[in-house]
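Structure record follows, encoded as structure tokens.
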Amino acid sequence: DAGVIQSPRHEVTEMGQEVTLRCKPISGHNSLFWYRQTMMRGLELLIYFNNNVPIDDSGMPEDRFSAKMPNASFSTLKIQPSEPRDSAVYFCASSDTKKRDRGTIYFGEGSWLTVV
Amino acid sequence: SQQGEEDPQALSIQEGENATMNCSYKTSINNLQWYRQNSGRGLVHLILIRSNEREKHSGRLRVTLDTSKKSSSLLITASRAADTASYFCATDPFLDYGKLTFGQGTILTVHP
């Protein structure tokens with residue numbers, strides 16, 4: 001069974017450029033999360049979706065960040081324009097809130113973003 | 001802000017020894033979870049303990065939860081070099097959505 005799939009795994013971009021991170025959640029999962037991990041701030045929840053609907057985007061840093069989930073099998077996190085302080089590892093995760101172990105989330109391997 | 005606070009921040013032990021990590025949190029929870037992260041990888045779920053449970057085992061892992069003290073501990077027995085990783089506790093204040101808040105983690109190094 002495939003896990004959460006993220007792309008790209010690594011991206012280096014110049015300040016001001018648009019960055020799009022992609023995520024395919026585990027099939028059948030109905031919740032999707034975007035996290036950001038940095039040494040200074042640890043793991044931060046940016047946004048989460050339930051049944052493709054954004055439930056809480058209070059963690060999105062600013063208007064430069066946007067996330068979409070057009071269908072149950074795909075989500076994007078976009079940064080436009082990117083800044084050096086956006087450099088971090090961005091994790092997508094999914095969960096199935098219908099299961100008994102609801103609450104357990106499954107992480108992708110992350111997208112390592114460097115903005116120079 | 002981070003809900004869970006792990007202690008210690010770093011732990012260095014020899015293979016075969018036990019490793020204990022602690023987590024404190026601030027608000028009421030439905031469950032508390034422990035995750036592991038190897039360097040350069042995503043987080044992997046280890047164990048979930050519900051608020052009405054006090055202790056749970058999974059292989060070499062033992063987790064305790066004290067809701068009165070708002071604290072949890074993770075014990076890894078008979079550690080191995082392959083256990084070297086960062087360990088995070090995460091609290092789930094919502095029953096339906098699994099919106100977890102992670103602590104800063106404990107870096108565990110197990111020397112062969």
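Below, chains carry the letters A, B, ... as their sequence lines are ordered, and counting in each starts from 1.
- Side-chain atoms of Ser31(A) and Asn50(A) form a donor-acceptor pair, as typed in the model, at a separation below 3.5 Å.
- Residues from residues 108-116 of chain A that place a non-hydrogen atom less than 4.5 Å from a non-hydrogen atom of chain B comprise Gly108(A), Glu109(A), Trp112(A), given in numerical order.
- With a 6.0 Å radius and a threshold of 12 heavy atoms from other residues, nucleotides or ligands, Arg54(B) has its CZ atom above the threshold.
- Under the 3.5 Å distance criterion, with hydrogens and angles disregarded, no donor-acceptor pair is assigned to the side chains of Asp92(B) and Asn30(B).
- The ring of Tyr48(A) has its center closer than 6.0 angstrom to the ring center of Phe33(A).
- In Leu75(B), the CG atom is crowded: over 12 heavy atoms of neighbouring residues, nucleotides or ligands sit closer than 6.0 Å.
- Identified by a heavy-atom distance below 4.5 Å to chain B, contributing residues of residues 66-74 of chain A are lacking entirely.
- Between His45(B) and Phe107(A), a ring centre-to-centre spacing not shorter than 6.0 Å is recorded.
- For the residue pair Asp7(B) / Gln9(B), no side-chain donor-acceptor distance below 3.5 Å is found, with atom types taken as modelled.
- Between the side chains of Gln37(A) and Tyr35(A), no donor N or O sits under 3.5 Å from an acceptor N or O.
- Crowding of Arg9(A) atom CZ: a count of heavy atoms from other residues, nucleotides or ligands under 6.0 Å exceeding 12.
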